[in-house]
Amino acid sequence: MSRFRAAVLTVGCAAAALALTATTAQAAPGDTQNVCGSQLTPNGWVDVQWWNEYACGSTFNPNAKRIQQAAGLPIGTTLTVCASTLPPAGWVQLSEFYNSSCRYSVSPSFNNNSWQIKRVS
């Protein structure tokens, strides 16, 4: 690979990372975004849905997710979230259950994979 190509690739990857960071940082409480499952869910955000997306690579496992910004929501707010991320600081788990929207594994299972969480502080 030529140095020019390597430099362009590096700059492109850095710009993409900054764009994702800027987008999530500027989001309002409760906003949602669709991202590939390989991306870490940012602090203050929760996973709310999983599915298979060709743009995120070919696999049988769900590889895309919808994330929601929980930070900044009012105290007393409840959310239904996937158990693929921990509740953010200031949130407590009220219940756990199975939710077909939160299947983040290709293996069929009806094990609990979702939580209802509530903002307490």
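Interatomic distance, Ile67 CD1 to Ser84 OG, rounded to the nearest 0.5 Å: 10.5 Å. Rounded to the nearest 0.5 angstrom, Trp115 CH2 and Asp47 CG are separated by 10.0 Å. A distance of 5.0 Å separates CD of Gln116 from OG1 of Thr78, quoted to the nearest 0.5 Å. Annotation: the span from Gln33 atom CD to Thr41 atom OG1 amounts to 10.5 Å, rounded to 0.5 Å. The SG atom of Cys82 sits 12.0 Å away from atom CZ of Arg103, with the distance rounded to the nearest 0.5 Å.
Asn113 contributes no side-chain N or O that, together with a main-chain N or O of Ala83, makes up a donor-acceptor pair within less than 3.5 Å. Arg119 places a side-chain N or O within donor-acceptor distance of the main-chain N or O of Ser121, the cut-off being under 3.5 Å. Using modelled atom types, one side-chain atom of Lys65 and one backbone atom of Gln39 make a donor-acceptor pair closer than 3.5 Å. Without hydrogens or angle criteria, Asn61 side chain to Asn63 main chain gives no donor-acceptor distance under 3.5 Å. In this structure a side-chain-to-backbone donor-acceptor pair under 3.5 Å is missing from Asn111 to Tyr98.
The two residues Ala70 and Trp91 have their closest heavy-atom pair at O-CZ2, 3.4 Å. Here the closest non-hydrogen pair linking Gln69 and Trp45 is N-CE3, 3.2 Å. Between Val46 and Ile117, the shortest heavy-atom contact is CG1-CD1, 4.4 Å. The two residues Cys102 and Val81 come nearest to each other via the heavy atoms SG-C, 4.3 Å.
Judged purely by distance below 3.5 Å, without hydrogens or angles, the side chains of Trp51 and Glu53 pair a donor atom with an acceptor atom.
Heavy-atom neighbours of Asp31 CG from other residues, nucleotides or ligands within 6.0 Å: above the threshold of 12.
The aromatic rings of Tyr104 and Trp50 lie tilted to each other, with the angle between the two planes from 30° to 60°.
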*Carefully, step by step, assess Thr59 and Asn52 under the rule side-chain contact (heavy atoms from CB on, under 4.5 Å).*
CA-CA 8 Å; Thr59 178; Asn52 219 349; 4.1 Å; yes

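Put simply, the side chain of Thr80 does not reach to within 4.5 Å of the side chain of Val48, judged on heavy atoms.
Leu86 and Leu79 fall within a single hydrophobic cluster, where Ile, Leu, Val, Met, Phe, Trp and Tyr side chains are chained together by heavy-atom contacts under 4.5 Å.
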